[in-house]
Amino acid sequence: MAEIATIARPYAEAVFSLAKQAGALDAWSEQLALASAVATDPEMSRLAADPKVSAEQFSGLFLAVCGDRLGTEAGNFIRLLVDNGRISVLPEVVAQFEALKASEGGVLDATVTSAFAMSETQLAELSARLETRFKRKINASVNVDPALIGGVVVAVGDEVYDASVRGKLQGMAYALTR
């Protein structure tokens, strides 16, 4: 997985730089999302791996499927990925592009793991607290893990805050065995 991220990084950074210079981050986001959806289609994945299909044929088909929804520069980017045999990393390129875009806009992604489903109000309240803590806009997503027993675990970037019952019990067990 790290290898895919490493391969995708320079492509994502280059596209981000190009989109930022043109002031077209949102347009590129839409085009990359479309291209990623096409690239992850099982039939397209099969064709990409087929040695009987040339890079030129595949990129022509890919661009035809996307139609006029891809601009010239996005089309050239797709051709570059296909020519270099890197079309399979496109979803990771899109993920890294979106992360760069979010960080440019001052938005941080937060993953909230809760023992129980959270209401929109609870999530909004938690997001507001996180925004105060990090002084940036927070884009929170919620996962449910009943093994936490109660409470939440919040991951924002490299920081993890464990306010779960399971975490507290593990801390107590560690303290008692020391």
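Bear in mind that the values here come from a model prediction, so they are computed numbers and not experimental data.
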Rounded to the nearest 0.5 angstrom, the CG-OG distance for Leu34 and Ser29 is 12.0 Å

Residues 79-91 side chain polar contacts: donor-acceptor under 3.5 Å, at least two apart:
residue, atom, partner, partner atom, Å
Arg79, NH1, Asn76, OD1, 2.9
Asn84, ND2, Leu80, O, 3.2

Kindly work out whether a path of hydrophobic side-chain contacts (I/L/V/M/F/W/Y, heavy atoms less than 4.5 Å apart) joins Val38 to Val53.
yes

Start with the C-alpha distance between Phe16 and Leu25, add both sets of side-chain angles, then the distance that settles side-chain contact (heavy atoms from CB on, under 4.5 Å), and finish with yes or no.
CA-CA 7 Å; Phe16 180 77; Leu25 288 172; 3.6 Å; yes

Assigning hydrophobic clusters by single linkage (Ile, Leu, Val, Met, Phe, Trp, Tyr; side-chain heavy-atom cutoff under 4.5 Å), is Val165 placed with Val144?
no

Heavy-atom count around Asp68 CG within 6.0 Å, excluding the residue itself: above 12?
no

So, Ser17 side chain and Ala14 main chain: donor-acceptor pair closer than 3.5 Å or not?
no

Donor-acceptor pairs under 3.5 Å, side chain of residues 166-178 to any protein atom, not counting sequence neighbours: which ones?
residue, atom, partner, partner atom, Å
Thr177, OG1, Ala173, O, 3.1
Thr177, OG1, Tyr174, O, 3.0

Any chance you could measure Gln31, atom CD, to Asp26, atom CG, to the nearest 0.5 Å?
11.5 Å

So CZ of Phe97 and OG of Ser36: to nearest 0.5 Å the spacing works out to 12.5 Å

Does Gln96 use its side chain to pair, donor to acceptor, with the backbone of Val93 at less than 3.5 Å?
no

Over all atoms of both residues, closest heavy-atom pair of Ala19 and Trp28
CB-CD1, 3.3 Å

Carefully, step by step, assess Val107 and Arg136 under the rule side-chain contact (heavy atoms from CB on, under 4.5 Å).
CA-CA 6 Å; Val107 178; Arg136 293 173 77 181; over 6 Å; no

Kindly compute the distance separating NZ (Lys137) from CG (Leu130), expressed to the nearest 0.5 Å.
11.0 Å

side-chain contact (heavy atoms from CB on, under 4.5 Å) with Thr113: which of Val142, Val160, Leu148, Asp162?
Leu148

For a 4.5 angstrom cut-off between non-hydrogen side-chain atoms, does Leu100 reach Val15?
no

Please assess Leu63 against Ile78 for the test side-chain contact (heavy atoms from CB on, under 4.5 Å), listing each intermediate value before the final yes or no.
CA-CA 8 Å; Leu63 296 175; Ile78 295 302; 4.1 Å; yes

Any side-chain heavy atom of Arg133 sitting closer than 4.5 Å to one from Val156?
no

I'd like to know if the side chain of Ser54 and the backbone of Gln57 have a donor-acceptor N/O pair within less than 3.5 Å.
yes

Glu131 with Lys135: basic N within carboxylate O range, under 4.0 Å
no

How long is the gap from CZ on Phe116 to CD on Gln122, to the nearest 0.5 Å?
11.0 Å

Could you state whether Leu70 and Met44 fall into the same hydrophobic cluster, counting links through intermediate Ile, Leu, Val, Met, Phe, Trp or Tyr residues with side-chain heavy atoms under 4.5 angstrom apart?
yes

Please determine, by modelled atom types, if Glu13 and Tyr11 share a side-chain donor-acceptor pair under 3.5 angstrom.
no

Side-chain donor/acceptor of Glu30 to backbone N/O of Ala27, under 3.5 Å
no

What one should report as the nearest heavy-atom pair of Ala140 and Val112 is CB-CG2, 4.4 Å

If you compare all heavy atoms of Met118 against all heavy atoms of Leu126, which two are closest, and at what distance to 0.1 Å?
CE-CD2, 4.0 Å

What do you reckon, is CD of Glu43 surrounded by more than 12 foreign heavy atoms closer than 6.0 Å?
yes

What pairs of residues pass the side-chain hydrogen bond (donor to acceptor under 3.5 Å, both in side chains) test when at least one of them lies in residues 102-111, not counting sequence neighbours?
Lys20-Glu104, Asp109-Asn139

Rounded to the nearest 0.5 Å, the CG atom of Leu32 sits from the CZ atom of Phe77 at a distance of 6.5 Å

